[in-house]
Protein chains: 2
Amino acid sequence: MQLTLYTDYGLRLLVYLAALPAGERANIDTVSETFNVSRNHINKVVHHMGRLGWINTRRGKGGGFSLDIDPTELNLADIVTALEPSMLAVDCYEPQCVLLPTCKLKGVLASAMNAFVEELRQYSLADVSNSPAELVRVLGLEEQAFVSPPN
Amino acid sequence: MQLTLYTDYGLRLLVYLAALPAGERANIDTVSETFNVSRNHINKVVHHMGRLGWINTRRGKGGGFSLDIDPTELNLADIVTALEPSMLAVDCYEPQCVLLPTCKLKGVLASAMNAFVEELRQYSLADVSNSPAELVRVLGLEEQAFVSPPN
DNA sequence: TATAACATACATATAAAATGTATGTTATAC
DNA sequence: GTATAACATACATTTTATATGTATGTTATA
């Protein structure tokens, strides 16, 4: 009963981007090195979130990405349900369970998962974000390592 | 974000046993064939639940197992948390996340998982059980296929 | 005493997740 | 206008947890 690392990385990425000063951009290499995680995963998550409209991505020299949505408008339920491959506690259909017609577990498990999601929905990205200074401190970065290279 | 099949099978087993008429016993072969699932999984789950004290098992000819706890006293939270390998939405420690000292996600994810568990806790095994007749009907069993062989 | 049934251990297979490699495309800077 | 930096896209590989299989031990009863 765990989230995938993909979702985990996605959440971390958003927390990172939410602390990025306005106008600044991050890039895949920096993020993957900062978090010590697979460059490829960050690549995929960035792409995914770009398509979701949560971040704007810019290709080419001096490109990168940054949050493109008000962090108070993005709640954790939306994030997790978008990134997780499945939010069904059990799959009654593949293969189909013989108890299906009479089973009362289905509904309870669904309502429990719903409770999980609705608890997440109480919190926005802004609620779990840190100040730029705090993140710089925790990550042990130089202040300037956190901003875009000069154009 | 799914329960393992092991937990799934465990839940089905309990639903089955809860519908078993008092004094009757099931056995591993019958259960695994009835549910079309791996004999080995049922074997393990039966053993596990025997050690948990939820069912009594009896070896030897004419043996088997049956529920050994009042189904109103066993709630779904206890079942799921006992059978699942992990109830942590994310593992912050292996490998340790660089955001750990400042991360506010931890608490929210934990409270969401808590909401999941507490919703399950509202329901006992008795709440999700079926009558023996209903289970016989749904499983397409003969009435006598559901009872222990005569001693 | 044979046999049916759970107990236990371990080996193997499978599938999903995680990661890696490679190349394409695009935008900018020089 | 060309080199380069950066995201886009595809696919291959590795890893791991899960799921399943095989084998044998132990025990209780008929």
Side-chain angles (χ1 to χ4, degrees), chain A residues 1-10 12-13 17 24-33 35-66 68 83-86 88 90-91 94-95 148-151, chain B residues 1-10 12-13 17 24-33 35-66 68 83-88 90-91 94-95 97 148-151:
Chain A
M1 195 67 180
Q2 289 198 186
L3 299 173
T4 61
L5 271 180
Y6 181 84
T7 301
D8 188 354
Y9 294 164
R12 295 189 212 179
L13 174 64
L17 291 181
E24 303 298 334
R25 262 169 276 119
N27 65 57
I28 290 172
D29 282 327
T30 302
V31 170
S32 64
E33 281 160 27
F35 288 129
N36 295 309
V37 301
S38 159
R39 196 187 168 289
N40 193 249
H41 255 91
I42 300 299
N43 190 334
K44 281 202 254 186
V45 168
V46 164
H47 179 55
H48 191 168
M49 290 188 180
R51 295 186 73 98
L52 287 169
W54 296 348
I55 65 181
N56 64 70
T57 63
R58 203 159 102 193
R59 296 206 266 201
K61 198 166 185 172
F65 44 86
S66 61
D68 200 27
L83 300 184
E84 274 296 294
S86 167
L88 297 172
V90 297
D91 185 345
E94 262 179 298
S148 307
N151 290 350
Chain B
M1 195 67 178
Q2 287 198 186
L3 298 173
T4 61
L5 271 179
Y6 181 84
T7 301
D8 188 355
Y9 294 164
R12 296 190 212 179
L13 174 65
L17 292 181
E24 303 297 336
R25 262 169 276 116
N27 65 57
I28 289 171
D29 282 327
T30 302
V31 171
S32 64
E33 281 161 26
F35 288 129
N36 295 310
V37 301
S38 160
R39 196 186 168 289
N40 192 251
H41 255 90
I42 301 299
N43 190 333
K44 281 202 254 186
V45 169
V46 164
H47 178 56
H48 191 169
M49 290 187 180
R51 296 186 73 98
L52 287 169
W54 296 349
I55 64 181
N56 63 71
T57 63
R58 204 158 102 192
R59 296 206 267 200
K61 197 166 187 172
F65 45 86
S66 61
D68 199 27
L83 300 184
E84 274 296 293
S86 167
M87 292 301 284
L88 297 172
V90 296
D91 185 345
E94 263 179 297
C97 175
S148 308
N151 290 348

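Residue numbers start from 1 in every chain, and the chains themselves are labelled A, B, ... in the order their sequence lines are given, proteins ahead of strands.
Across all strands shown, dT3(C) is found opposite dA28(D) as a Watson-Crick or G-U wobble partner, with both distances under 3.5 Å. Across all strands shown, dC30(C) forms a Watson-Crick or G-U wobble pair, both distances under 3.5 Å, with dG1(D). In this entry dA17(D) has dT14(C) as its Watson-Crick or G-U wobble partner, both defining distances falling under 3.5 Å.
If Thr4(A) and Lys61(B) are placed on DNA chain C by their nearest nucleotide, the residue sitting closer to the 5' end is Lys61(B).
At a threshold of 4.0 angstrom between heavy atoms, the contacts of Gly64(B) are confined to the sugar-phosphate backbone, with no base atom among them. Across all strands, Asp29(B) comes closer than 4.0 Å to no nucleic acid atom at all (heavy-atom distances). Heavy atoms of Gly63(A) sit under 4.0 angstrom from primed sugar atoms or phosphate atoms, though from no base atom.
Residue His47(B) places at least one side-chain N or O under 4.0 Å from the OP1 or OP2 atom of dA7(C). Within the structure, a side-chain polar atom (N or O) of Arg58(A) is placed less than 4.0 Å from OP1 or OP2 of dT28(C). Side-chain N/O atoms of Thr57(B) include one lying less than 4.0 angstrom from OP1 or OP2 on dA7(C).
When distances run from any side-chain atom of Arg59(A) to the nucleotides dT29(D), dT26(C), dA7(C), the shortest one goes to dT26(C).
Near DNA chain D, defined here as any heavy-atom distance below 4.0 Å, the residues from residues 35-42 of chain B are Ser38(B), Asn40(B), His41(B), listed numerically.
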